[in-house]
Student: 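Could you have a look at this structure, given as structure tokens, before my questions?
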Amino acid sequence: MSPLAPTRRQLLATAPAVLAPTLLAGACTELQRSDRSALLGATLRLRAEARGLFFGAAANRTSLADRAFAATYTAEVGVLVPETEMKWRALRPTEGAFTFGSADALMDFAAGANLRARGHTLVWHEAWPEWLDAALSAGRAAAVLEQHIERVVSRYRGRMHSWDVVNEAIRLQDSPGHLRQTPWLEALGPRYLDIAFRTARAADPQALLVYNDFGLDDASPADSAKRAAVLDLLSDLKARGVPVDALGTQAHLRAGQVIDQGALAQFARSVAQLGLKLIVTELDVRDHGISGTLEERDRAIADHARRFLDPILAEPATIGVVTWGLSDRYSWLNGPRAERRSDGQPQRGLPLAPDLARKPLWGAIARALDDAPRR
Ligand code: 9MR
């Protein structure tokens, strides 16, 4: 049995009490396919772990200070991802200072609730502290990048399942190799990726090192071209011995877009053929183009996510699914940076409603996990 698979005792400890007699009826220690109906109502964490996968969700200090939310979160989720607390702007108010208070608080929360953690993110062109421009212009880019990654990754060494080392480095129109024009690219050229992955590996040899990007989801020419560009980048990194272990596909999906399941299956296969794992890292579903009742919107969102997840989870190299938040009560889709719906209604892109009730999207993720081949 994989170390991730829950034992019957763990299932009984977490499953609602009403399920216990059904679960007790079996004799074996591993959750079998025939037991799955007994998991009706079981959390996404348990469903994922029963298939040798993990389920996680982003959270932040605000959402976890809400006790009702935190209780649901710790039941439903196996891996915590800090939504903002490990970004440069949060950790580095000035060049000389590191502020780990909030990041440490989230790691302590995860440890206290028996959750694993994913680090997010070591290199990004956003959440950028202002002082960093001057450091880069002064020729200190490599030193600052190495120091940051060394300090942050070694602080949590042994406690991170994985790190999003480089985030969103591709923008098709920006350069011939499709690397996004960022201050890191300007200062160091493409070798900034090598520096980042090598420094992270040295600082925590156990954590899986992830390249994370968005826009790899649907059948549009833009997403198809971006999938190809990401594969080219990963293939180049692997060929040069850069220590990258996995691709994170963010999956900020848009209901109403066409999903080509064959193309997604092929993409996931290509990632696997490079010797990489695949993680869905930031799943949520926008539905700007969908009108109708709440029920109709929720159904369209759920169906869209299921179409995306099925081919991805059918690939044995896929190891887990993370949603970008858990409840619409706390979702960046309803935050200041997000695109609003034309009718002014809030987005409903996460598995739980604002009142923490399970929505059809929760059910779609649950069934996609249940139907995933056992790892
Ligand atoms: O959800 C995050 C939001 O609360 C932050 O303000 C923002 C900037 O730090 O980042 C959002 O998360 C992004 C993630 O880090 C990378 N992929 C896109 C996510 C949504 O914008």
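Just so you know, ligand 1 is whichever comes first in the structure, and atom 1 is the first atom listed for that ligand.
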Student: Roughly how far, to the nearest 0.5 Å, is CG of L193 from CZ of R240?
Tutor: 8.0 Å

Student: I need the atoms of ligand 1 closer than 4.0 Å to a non-hydrogen atom of E282, numbered in the order shown.
Tutor: 14 (C), 16 (C), 17 (N), 18 (C), 19 (C)

Student: Can you list the ligand 1 atoms lying under 4.0 Å from a non-hydrogen atom of R337?
Tutor: 6 (O), 7 (C), 21 (O)

Student: Taking heavy atoms and a distance under 4.0 Å, where does H252 meet ligand 1: side chain, backbone, both or neither?
Tutor: side chain

Student: Side chain, backbone, both or neither: which part of N212 has a heavy atom under 4.0 Å from ligand 1?
Tutor: neither

Student: May I ask you to check whether W324 has an N/O atom sitting below 3.5 Å from an N/O atom of ligand 1?
Tutor: yes

Student: Any N/O of W124 closer than 3.5 Å to an N/O of ligand 1?
Tutor: no

Student: Would R155 pass as a cation-pi partner of F100, given that its NZ or CZ must be under 6.0 Å from the six-membered ring centre and within 45 degrees of the axis?
Tutor: yes

Student: Looking at atom 1 (O) of ligand 1, what's its closest protein heavy atom, distance included?
Tutor: E83 OE2, 2.5 Å

Student: I need the N167 CG to E126 CD distance, nearest 0.5 Å.
Tutor: 8.5 Å

Student: Specify the protein heavy atom at minimum distance from atom 14 (C) of ligand 1: its residue, its atom name, and the distance to 0.1 Å.
Tutor: H120 NE2, 3.4 Å

Student: Any ion pair linking D370 and R51 (charged N to carboxylate O, less than 4.0 Å)?
Tutor: no

Student: May I ask you to list the atoms of ligand 1 that are less than 4.0 angstrom from any heavy atom of N167?
Tutor: 16 (C)

Student: Under 6.0 Å from the ring centre and within 45 degrees of the ring axis: does the NZ or CZ of R45 meet both conditions for the six-membered ring of F54?
Tutor: no

Student: Check D371 with R306, please: is the shortest side-chain N to carboxylate O separation under 4.0 Å?
Tutor: yes

Student: Tell me whether the guanidinium CZ or amine NZ of R92 lies under 6.0 angstrom from the six-membered ring centre of F98 and within 45° of its axis.
Tutor: yes

Student: Going by heavy atoms in the side chains, are V244 and L209 under 4.5 Å from each other?
Tutor: no

Student: Can you tell me the protein heavy atom closest to atom 5 (C) of ligand 1 and the distance?
Tutor: T84 CG2, 3.7 Å

Student: Going by distance only, is there an N or O of E126 that falls short of 3.5 Å from an N or O of ligand 1?
Tutor: no

Student: State the atoms of ligand 1, each with its element, that fall below the 4.0 Å cut-off from a heavy-atom position in E168.
Tutor: 16 (C), 17 (N), 18 (C)

Student: Is ligand 1 less than 4.0 angstrom away from at least one heavy atom of R89?
Tutor: no

Student: Are more than 12 heavy atoms, taken from residues, nucleotides or ligands other than Q173, located less than 6.0 Å from that residue's CD atom?
Tutor: yes

Student: Side chain, backbone, both or neither: which part of F214 has a heavy atom under 4.0 Å from ligand 1?
Tutor: neither

Student: Should W332 be counted as touching ligand 1, given the test is an N or O pair under 3.5 Å?
Tutor: no

Student: Can you list the ligand 1 atoms lying under 4.0 Å from a non-hydrogen atom of Q250?
Tutor: 17 (N), 18 (C)

Student: May I ask you to identify, for K87, whether its side chain, its backbone, both or neither come under 4.0 Å of ligand 1 on a heavy-atom basis?
Tutor: side chain

Student: Please report whether the ring centroid of H120 lies less than 6.0 Å from that of W324.
Tutor: yes

Student: Determine whether the aromatic ring centres of residues W184 and W124 are separated by less than 6.0 angstrom.
Tutor: no

